[in-house]
Amino acid sequence: MTWSEMQPLLEQACTETLIMVGWSTLIAVVGGLPLGILLVLTDKGGLLQNTVVNKVIGQIVNIGRSLPFIILMVALMNFTRWVTGTTIGSEAAIVPLAIGGIPFFARLVETAVREVDHGLVEAVQAMGGNTWTIVRKVLVPEALPSLIASTTTTVIALIGYSAMAGTVGGGGLGDLAVRYGYQRFETGLMWITVAVLAVAISLIQFAGDFAARALHRRGARSGPGPRLRLLKSGEPATADVGKVA
């Protein structure tokens, strides 16, 4: 197979992979972020301590993470058909990719949020900040570098999942490698596909690490305590929170 024959196939496969990973990452972040924060808030000693809710959410997340992606795809076929009208192609692959990504990202969010200095939370509470204020002004901003790194890890994991989706007709680079590289013995195309995936993952990791380090340095330059804007009785008030012992 010549390069002129490979090029349109690679362009289509890259576009399909980009669509699958892009949409599934967006859904995973939107769904996993609140789940991860809830796991922290409802845990023992949390702001919304609730053992039952914490255990239920934790078990749902654990079950979602325990299923191998290929099995998850098969298990969700009926649901995927109901949502998209088909079980093959890049649109259908987005459904299991997103559902598999949500619990994965939720655990990473939980870990990132737990690293936030609890002294800052106590300081905002002492100034009358409610739970929503603490989440918006302390937990998310302080954990942002780690959340960026978690998003990077999730994107890379979803790229791997999307390649597996290609083995069962999900489209993308995985499908291209299987149909042409394996079934038609086009070894050259298969290795080009591997190289494209390796380069893409390296670039994503570099971008994610750069963004996380930039945010971390920016936070370090802002001083030992962040400037928090609290809302009291409907009136804005600005308070500087110093270092908490």
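No experiment lies behind these values; they were computed from the predicted model shown.
- The two residues Ser24 and Leu158 come nearest to each other via the heavy atoms OG-CD1, 3.6 Å.
- Within a 6.0 Å radius of CD1 in Ile88, no more than 12 heavy atoms belonging to other residues, nucleotides or ligands are found.
- By the criterion of side-chain heavy atoms lying less than 4.5 angstrom apart, applied directly or through intervening Ile, Leu, Val, Met, Phe, Trp or Tyr residues, Tyr161 is grouped together with Ile156 in one hydrophobic cluster.
- Judged by distance alone, with hydrogens and angles left aside, the side-chain atoms of Gln49 form a donor-acceptor pair with the main-chain N or O of Gly45 at under 3.5 Å.
- In this structure the side chain of Glu16 never reaches within 4.5 angstrom of the side chain of Leu176, judged on heavy atoms.
- A continuous path of Ile, Leu, Val, Met, Phe, Trp and Tyr side chains, each step under 4.5 Å between heavy atoms, connects Val140 with Val124, placing both in one hydrophobic cluster.
- The minimum heavy-atom distance between Val21 and Thr25, with the atom names listed, is O-OG1, 2.6 Å.
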Worked verdict on Val196 versus Val199 for side chain to side chain contact (heavy atoms under 4.5 Å, CB included): CA-CA 5 Å; Val196 170; Val199 170; 6.0 Å; no
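- Distance check, rounded to the nearest 0.5 Å: OH of Tyr180 to OG1 of Thr187 gives 15.0 Å.
- Thr154 is not listed as a side-chain neighbour of Val29, based on a closest heavy-atom distance of 4.5 Å or more.
- Between Thr111 and Arg107, every side-chain heavy-atom pair lies at or beyond the 4.5 Å cut-off.
- For Ala92 against Thr80, the heavy-atom pair with the smallest separation is O-CG2, 3.3 Å.
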Identify all side-chain donor-acceptor contacts of residues 93-105 below 3.5 Å with residues at least two apart in sequence or on another chain.
none

Donor-acceptor contacts, no H, no angles, side chain residues 53-61, under 3.5 Å, sequence neighbours left out:
from, atom 1, to, atom 2, distance (Å)
Asn54, ND2, Leu39, O, 2.9
Asn54, ND2, Thr42, OG1, 3.1

Under 3.5 Å, sequence neighbours excluded: what are the donor-acceptor pairs made by side chains of residues 200-207?
from, atom 1, to, atom 2, distance (Å)
Ser202, OG, Ala198, O, 2.9
Gln205, NE2, Asp209, OD1, 2.9
Gln205, NE2, Asp209, OD2, 3.4

Please tabulate, one pair per line, all N/O donor-acceptor pairs under 3.5 Å involving side-chain atoms of residues 63-78, not counting sequence neighbours.
from, atom 1, to, atom 2, distance (Å)
Ser66, OG, Asn62, O, 3.3
Ser66, OG, Ile63, O, 2.9
Asn78, OD1, Arg81, NH1, 3.2

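- There is no path of hydrophobic side-chain contacts, each under 4.5 Å, that joins Val178 to Ile159.
- Here the CG atom belonging to Leu189 is positioned 9.5 Å from the CZ atom belonging to Arg179, to the nearest 0.5 angstrom.
- With sequence neighbours left out, the side chain to side chain contact (heavy atoms under 4.5 Å, CB included) criterion links Val116 to Val138, Leu139, Glu142, Ala143.
- Val194 belongs to a hydrophobic cluster with Met190, Trp191, counting contacts under 4.5 Å between side-chain heavy atoms of Ile, Leu, Val, Met, Phe, Trp and Tyr, direct or through other members.
- Residue Ser90 holds its OG atom at 9.0 Å from CD of Gln12, rounded to the nearest 0.5 Å.
- Here the shortest heavy-atom pairing between Ala211 and Ile148 reads CB-CG2, 3.9 Å.
- Annotation: the span from Cys14 atom SG to Leu197 atom CG amounts to 8.0 Å, rounded to 0.5 Å.
- Atom CD of Gln125 and atom CG of Leu120 lie 11.5 Å apart (nearest 0.5 Å).
- Of the inter-residue distances, the one linking Leu38 atom CG with Asp43 atom CG reads 11.5 Å to the nearest 0.5 angstrom.
- Side-chain contact between Ile37 and Val40: absent, with no pair of heavy atoms (C-beta onward) separated by less than 4.5 Å.
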Residues Val135, Val113; criterion side chain to side chain contact (heavy atoms under 4.5 Å, CB included); working and verdict: CA-CA 10 Å; Val135 170; Val113 173; over 6 Å; no
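- One hydrophobic cluster, built from ILVMFWY side chains closer than 4.5 Å, holds both Ile19 and Leu10.
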